[in-house]
Amino acid sequence: MKKSIFSTRTVVAIGIGTAVFLILAKFAAVPTGIPNTTIQTSYAFLALISAIFGPISGLFVGLFGHALNDLTSYGSIWWSWVISSAFVGLGIGLYFKKFSFEDGEFGKKHIILFNIVQIVVQVIAWALIAPLLDILIYAEPANKVFTQGIVAAASNIITVAILGTLLLTAYAKTRTKKGSLSYEE
C-alpha cells in the first residue's frame, strides 16, 4: 500500500497552522513604514510548523495562511507574496529531519543550522521571488518591490531568528531525549 504525503498528522498541522498563521498575520503584525510591508510574527510560527512537520505542512500553511490573510484583509490575493510564503514554509521544512526534535535535542548546532536555512530561504523568497513575481505578474516598479522585499526579508529573518528559535527551543524541551528513559524491573 502506497503511503500518502497527506497523513492525518500533516492535514491537522496544515489546518491548525493555517488558522494560527492567519490570526498572527492579522493581529500580531507591526508596520514598518514601507507600504504594505509589516513585521510579521506569523513567520516565526510558520518556521515552527515547517521545522516540526516538514515541507508539505510548511508549504500549505504558508500558502493558505497568507492567501486567507490577503483575502480577508484586502479583498484579493497578492499571489507573488503568497507564493513566497509557501516557498518559505517549503524551504525550511525540507530540513526538518536535520533539526532532531524527535531526539529531544535543539542545541547550538541545530540553532545555527536552523538560522542558516531560514536566512537563505527568506532572502530567496523576499528579496528575489516576491519582487520578481511582482514585476512579472503585476507590472510593479522594480525599485518599490525590491525595497519592500528587502525590508520583508530583513524583518522576517530577525523575527524568525528570535521568536522562531525560542519557539523551537521550547518545543524541543517537551520532547523526550534519546536514551533518557531507562527500563526498570
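Only a predicted model underlies this, so the values are computations on that prediction, with no experimental measurement involved.
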Next item on the list: Treating Ile, Leu, Val, Met, Phe, Trp and Tyr as nodes and any side-chain heavy-atom pair under 4.5 angstrom as an edge, say whether Val61 and Phe96 lie in one connected cluster.
Entry: no
Checklist line | Rounded distance [0.5 Å steps], CD1 in Ile124 versus CZ in Phe87 | finding: 4.5 Å
Note to self: If hydrophobic clusters are built from ILVMFWY residues whose side chains come within less than 4.5 Å, do Val11 and Phe60 share one?
What the structure shows: yes
Item checked: Rounded distance (nearest 0.5 Å) linking atom NZ of Lys98 with atom NE2 of His110 -> 10.0 Å
Margin query: Are Val151 and Phe146 linked, directly or through intermediate hydrophobic residues, by side-chain heavy-atom contacts shorter than 4.5 Å (ILVMFWY only)?
Written below: no
Check: Taking all non-hydrogen atoms of both residues, which atom of Ile150 and which atom of Ala127 are closest, and how far apart?
Finding: CG1-CB, 4.4 Å
Notebook entry, point to check: Is a side-chain donor or acceptor of Thr32 paired with a backbone partner of Thr37 at a separation under 3.5 angstrom?
Noted result: yes
Could you give the side-chain donor-acceptor pairs of residues 132-139 under 3.5 Å, partners two or more places apart or in another chain?
| residue | atom | partner | partner atom | Å |
| --- | --- | --- | --- | --- |
| Asp134 | OD1 | Trp78 | NE1 | 2.7 |
| Asp134 | OD1 | Ser80 | OG | 2.2 |
| Asp134 | OD2 | Trp81 | NE1 | 3.0 |
| Tyr138 | OH | Trp79 | N | 2.8 |

Next item on the list: Measure across Ala47 and Val160 and return the closest heavy-atom pair with its distance rounded to 0.1 Å.
Entry: CB-CG1, 3.7 Å
Notebook entry, point to check: How long is the span from the CD1 atom in Ile162 to the CG atom in Leu167, to the nearest 0.5 Å?
Noted result: 12.0 Å
Next item on the list: Would you list the pairs meeting side chain to side chain donor-acceptor pair (under 3.5 Å) in which at least one residue belongs to residues 140-157, sequence neighbours left out?
Entry: Glu140-Lys144
Notebook entry, point to check: Can you name the closest pair of heavy atoms from Ser57 and Thr10 and give their distance?
Noted result: OG-CG2, 3.4 Å
Margin query: Between Val12 and Leu22, is there shared hydrophobic-cluster membership here, with clusters defined by ILVMFWY side-chain heavy atoms closer than 4.5 Å?
Written below: no
Margin query: Quick one, Ile14 with Phe53, criterion side chain to side chain contact (heavy atoms under 4.5 Å, CB included). Give me CA distance, side-chain angles, the key distance, then yes/no.
Written below: CA-CA 9 Å; Ile14 292 168; Phe53 297 102; over 6 Å; no
Note to self: Could you check whether atom NZ of Lys26 has more than 12 heavy atoms from other residues, nucleotides or ligands sitting under 6.0 Å from it?
What the structure shows: yes
Next item on the list: Locate the shortest heavy-atom distance separating Ile92 from Phe99; write the atom from each residue and the value.
Entry: O-CE1, 3.9 Å
Check: Any side-chain donor-acceptor pair under 3.5 Å between Tyr43 and Ser85?
Finding: yes
Checklist line | Joint cluster assignment, Ile16 & Ile49, ILVMFWY side-chain distance < 4.5 Å | finding: yes
Notebook entry, point to check: Which value, rounded to the nearest 0.5 Å, describes the distance between Ile111 atom CD1 and Thr169 atom OG1?
Noted result: 4.0 Å
Notebook entry, point to check: In this structure, which one of Ile158, Ile157, Val117 forms a side chain to side chain contact (heavy atoms under 4.5 Å, CB included) with Gln122?
Noted result: Ile157
Check: Considering all heavy atoms of both residues, which atom of Ile77 and which atom of Ala67 are nearest to each other, and what is their separation?
Finding: CG1-O, 3.7 Å
Checklist line | Flag, side chain of Asn69 to backbone of Gly65, donor-acceptor distance under 3.5 Å | finding: no
Note to self: Looking at every heavy atom in both Ala125 and Ser84, which two are closest together, and how far apart are they?
What the structure shows: O-OG, 3.2 Å
Next item on the list: Taking atom OH of Tyr171 as the centre, report whether more than 12 heavy atoms of other residues, nucleotides or ligands fall under 6.0 Å from it.
Entry: yes
Checklist line | Any donor-acceptor N/O pair, Ser42 side chain to Phe21 backbone, under 3.5 Å | finding: no
Notebook entry, point to check: Say you draw a straight line from CG of Leu68 to CG of Leu63; how long is it, rounded to the nearest 0.5 Å?
Noted result: 9.0 Å
Notebook entry, point to check: Nearest 0.5 Å, what's the OG1-CG distance between Thr41 and Leu24?
Noted result: 4.0 Å
